[in-house]
Amino acid sequence: MTQTMEVKTETTDVFPVKGVDYLQFLVGNAKQAAHYYSTAFGMKCVAYRGPEQGYRDHAEYVLVSGSARFLITGAVHAGAPGSDHVAKHSDGISDIALAVPDVDKAFAHAVSAGARPVSEPHDVSDEHGTVRVAAIAAYGDTIHSLVDRSRYDGPFLPGFVTRDPIVAPPAKRYFQAVDHVVGNVELGKMDEWVEFYRRVMGFTNMAEFVGDDIATDYSALMSKVVADGTRKVKFPLNEPAIAKKKSQIDEYLEFYGGPGVQHIALNTNDIVRTVR
């Protein structure tokens, strides 16, 4: 394992980030998934948007635990945006949204550095204020929304309404934050995506796991970890490595239908209690 010790400040960072704003899951049944994360993970449902609010394509639930925030989105009719993502991949994470201090500057830098734009910077507003958003493409069908909610005091985003918890949350939450989000990419593509995050977001190569670092006789992978200057946002990137049998990364790519988010690591103060 190798590590770099470079730490950036916001004044020198070409793409400053405040942290992960939310993770969006596209799922086949949003209510069922929201119930699962409420009951099994102890998350608290705090907001909702759906047909009742005039949004006729999706039912969407926002769940929180500490600073971790999940947006669970499910299509309510065939042909709704995102339903093709579920048909191709099954349930999965489509958006790793990043909180940034200046959406326009971040988006302009990213596109000038070669990122593919998904959504130009624009305002979304309601009676609670205005959120500035944009989006760029990442590996596979994954995107990064860029979010500035400094002028907003609503429950999540415009159109969402406050929602009572689905079940009573635990007296003490099970986890506090998202620690890192892991992406699986094709053989030979890991270094390309490490370079993408360096060029587009100014992230540095924080750690590397190669060769026998993460390997058995039957399955192996190569991994590098990129992170922003403050280390608040960390993205390990995996690609397959040669072993006697198919790598677990190959299996993921086969079953998921391409590159995507493999798993989320969560910070907890008590691993044993949380797992129990």
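- Val182 and Ile96 end up in different hydrophobic clusters when Ile, Leu, Val, Met, Phe, Trp and Tyr side chains are linked at under 4.5 Å.
- The two residues Cys45 and Tyr61 make their nearest non-hydrogen contact at SG-CD2, 4.0 Å.
- Remark: the backbone N or O of Asp21 is paired with a side-chain donor or acceptor of Arg69 at under 3.5 angstrom.
- Counting only distance, with no hydrogens or angles, the side chain of Asp250 and the backbone of Pro240 share no donor-acceptor pair below 3.5 Å.
- Between atom CZ of residue Phe235 and atom OG1 of residue Thr142 there is a gap of 10.0 Å, rounded to the nearest 0.5 Å.
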Where do Phe203 and Val194 land on the side-chain contact (heavy atoms from CB on, under 4.5 Å) test, with the steps shown first? CA-CA 8 Å; Phe203 283 19; Val194 169; over 6 Å; no
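- Between Pro236 and Lys224 there is no side-chain heavy-atom pair separated by less than 4.5 Å.
- Side-chain polar atoms of Thr73 and Gln24 form a donor-acceptor pair below 3.5 angstrom.
- Without hydrogens or angle criteria, Asn238 side chain to Val185 main chain gives no donor-acceptor distance under 3.5 Å.
- Tyr252 places a side-chain N or O within donor-acceptor distance of the main-chain N or O of Val261, the cut-off being under 3.5 Å.
- Taken to the nearest 0.5 Å, the OG atom of Ser38 stands 4.5 Å off from the CG atom of Leu63.
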What's the verdict on ring pair (Phe, Tyr, Trp, His ring centres under 6.0 Å) for Phe25 and Tyr37, showing C-alpha distance, side-chain angles and the deciding distance? CA-CA 12 Å; Phe25 296 71; Tyr37 282 107; 5.5 Å; yes
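- Salt bridge Glu195/Arg198: present, at least one basic N to carboxylate O contact under 4.0 Å.
- Both Leu266 and Val233 are members of a single hydrophobic cluster when ILVMFWY side chains are connected at heavy-atom separations under 4.5 Å.
- Smallest separation of non-hydrogen atoms from Ala68 and Phe175: CB-CE1, 3.8 Å.
- For His122 (side chain) and Glu120 (main-chain N/O), a donor-acceptor pair under 3.5 Å exists by modelled atom type.
- In the displayed structure, Arg151 atom CZ is contacted under 6.0 Å by more than 12 heavy atoms of other residues, nucleotides or ligands.
- Taking both residues in full, the closest heavy atoms of Ile136 and Val118 are given as C-CG2, 3.6 Å, listed atom of the first, atom of the second, then distance.
- Side-chain N or O atoms of Arg49 include one that pairs as donor or acceptor with a backbone N or O of Pro158 at under 3.5 Å.
- Atom CG in Asn184 sits 13.5 Å away from atom CH2 in Trp193 (nearest 0.5 Å).
- Counted within 6.0 Å of CD on Gln32, heavy atoms from surrounding residues, nucleotides or ligands total 12 or fewer; the atom is thus considered open.
- The cluster map of Ile, Leu, Val, Met, Phe, Trp and Tyr, joined by side-chain heavy atoms under 4.5 Å apart, puts Val200 and Val14 in the same cluster.
- Between Val17 and Leu98, the shortest heavy-atom contact is CG1-CD1, 4.4 Å.
- In this structure, the side chain of Glu239 engages the main chain of Met190 through a donor-acceptor pair within 3.5 Å.
- Salt bridge status for Lys234 with Asp228: absent, with no side-chain N to carboxylate O gap under 4.0 Å.
- Tyr256 has its side chain out of reach of Gln262: every pair of non-hydrogen atoms, C-beta onward, lies at least 4.5 Å apart.
- In this structure, the side chains of Ser65 and Phe41 stay at 4.5 Å or more apart for every pair of heavy atoms.
- His58 is listed as a side-chain neighbour of Pro81, based on a closest heavy-atom distance under 4.5 Å.
- Considering every non-hydrogen atom in both Pro121 and Asp104, the closest pair reads CB-OD2, 3.5 Å.
- Proximity of Phe196 to Arg199: side-chain heavy atoms (C-beta onward) are separated by under 4.5 Å at one or more points.
- Between His109 atom NE2 and Leu146 atom CG the span is 11.5 Å, to the nearest 0.5 Å.
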Show the numbers, then the answer: is there a side-chain contact (heavy atoms from CB on, under 4.5 Å) between Gln176 and Asn269? CA-CA 8 Å; Gln176 322 301 323; Asn269 295 328; 3.5 Å; yes
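- Atom CD1 of Ile72 sits about 14.5 Å away from atom NZ of Lys31, to the nearest 0.5 Å.
- Between His35 and Val167, some side-chain heavy-atom pair lies under the 4.5 Å cut-off.
- Note on Val27: it clusters hydrophobically with Ile93, by side-chain heavy-atom contacts below 4.5 Å among ILVMFWY residues.
- By the 6.0 Å contact criterion, NZ on Lys44 is open, its count of non-hydrogen atoms from other residues, nucleotides or ligands being 12 or less.
- Through direct or indirect side-chain contacts shorter than 4.5 Å among Ile, Leu, Val, Met, Phe, Trp and Tyr, Val124 is connected to Tyr22, Val46, Val62, Val64, Leu71, Val131, Val133, Val147, Tyr152, Phe156, Leu157, Phe160.
- His144 and Tyr197 have perpendicular rings, their planes meeting at more than 60° on a 0 to 90° scale where under 30° would count as parallel.
- In this structure, the side chains of Val178 and Asn267 stay at 4.5 Å or more apart for every pair of heavy atoms.
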Full working for side-chain contact (heavy atoms from CB on, under 4.5 Å) between Glu254 and Glu251: CA-CA 5 Å; Glu254 177 182 326; Glu251 290 186 338; 5.6 Å; no
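- Side chain to side chain, Asp123 and Thr130 fail the donor-acceptor criterion of an N or O pair below 3.5 Å.
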Between Asp91 and His85, does the side-chain contact (heavy atoms from CB on, under 4.5 Å) criterion hold? Intermediate values first, please. CA-CA 8 Å; Asp91 293 1; His85 190 283; over 6 Å; no
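- Summarising the geometry, atom CG belonging to Asp270 is positioned 8.5 Å from atom CZ belonging to Arg276; distances are rounded to the nearest 0.5 Å.
- Cluster membership for Ile143 and Val20, using ILVMFWY side-chain heavy atoms within less than 4.5 angstrom, is not shared.
- Taking all atoms of both residues into account, the shortest heavy-atom contact from Val103 to Ala134 is CG1-CB, 3.7 Å.
- At least one side-chain heavy atom of Tyr174 sits less than 4.5 Å from a side-chain heavy atom of Arg273.
- Under 4.0 Å is where a charged nitrogen must lie from a carboxylate oxygen, and between Arg132 and Asp102 no such pair does.
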